[in-house]
Amino acid sequence: MANKRDFKKSVDAIGGAVYNEMMIAYYNIDGADKNAIAASIEKVLAAVAKAKDNANVFFDKGVKAFADKAEYAKSKAAFFKALFSKIHKEFGEELNEAVKEFNKAIPAEVKKANKEASAN
């Protein structure tokens, strides 16, 4: 990510897309387990909030803690790269878990019809 703002925007976009698809299924698929879909939606929203909250971190050391500004910049960049890699990984895992639960809530007939429609 270029910066925190871009990271948060991408988290919002991904979470929003998943949320929208789940809401469409919640209201339009007959026989779907609405409680399980609602729980999946809650997990998606929680994952988005957690990822955005975890991104609100600042580098805790100042320039004076390093030999020169180049070393400071290198250490700060490494810190944020590791931080955002971790947040991104956790966000992806939480979304995958929510999608798995969501898929279990969809009736088998609907899944079969979707597979047949996508095969054509």
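What you see is a predicted model; the values in this text were computed from it and never measured.
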Contacts under 3.5 angstrom, residues 56-71 side chains, donor-acceptor by atom type, not counting sequence neighbours:
unit_1, atom_1, unit_2, atom_2, d
N56, OD1, K8, NZ, 2.4
D68, OD1, E71, N, 3.0

Next on the checklist: Can you pull out every ring pair (Phe, Tyr, Trp, His ring centres under 6.0 Å) where at least one residue sits in residues 14-49? Sequence neighbours excluded, please.
Outcome noted: none
Can you give the donor-acceptor pairs under 3.5 Å from side chains of residues 91-99 to other protein atoms, not counting sequence neighbours?
unit_1, atom_1, unit_2, atom_2, d
E94, OE2, K50, NZ, 2.9
N96, ND2, G92, O, 3.3
E97, OE2, K43, NZ, 3.0

Checklist entry - What are the two closest heavy atoms between A32 and I37, and how far apart are they? => result CB-CD1, 3.7 Å
Checklist entry - Do you know the tightest heavy-atom contact between F84 and K4? => result CZ-CG, 3.6 Å
Item to check | Partner set under side-chain hydrogen bond (donor to acceptor under 3.5 Å, both in side chains) for D12, not counting sequence neighbours | outcome: K52
Checklist outcome for this item: Sequence neighbours excluded, the answer for side-chain hydrogen bond (donor to acceptor under 3.5 Å, both in side chains) partners of E90 is K86
Checklist entry - Applying salt bridge (Lys or Arg N to Asp or Glu O under 4.0 Å), which residue pairs with at least one partner in residues 73-84 are found, sequence neighbours left out? => result none
Next on the checklist: Set out, in order, the CA-CA distance, both residues' side-chain angles and the distance that settles side-chain contact (heavy atoms from CB on, under 4.5 Å) for I87 and F7, then state yes or no.
Outcome noted: CA-CA 10 Å; I87 295 170; F7 178 80; 3.4 Å; yes
Checklist entry - Which value, rounded to the nearest 0.5 Å, describes the distance between M22 atom CE and L45 atom CG? => result 9.5 Å
Extract all donor-acceptor atom pairs below 3.5 Å that involve side chains of residues 106-117 and protein atoms in other chains or at least two apart in sequence.
unit_1, atom_1, unit_2, atom_2, d
K111, NZ, N103, O, 2.7
N114, ND2, V110, O, 3.4

Checklist entry - With K104, which residues qualify under salt bridge (Lys or Arg N to Asp or Glu O under 4.0 Å), at least two apart? => result none
Item to check | Residue pairs, two or more places apart or on separate chains, that pass side-chain hydrogen bond (donor to acceptor under 3.5 Å, both in side chains) and touch residues 30-42 | outcome: none
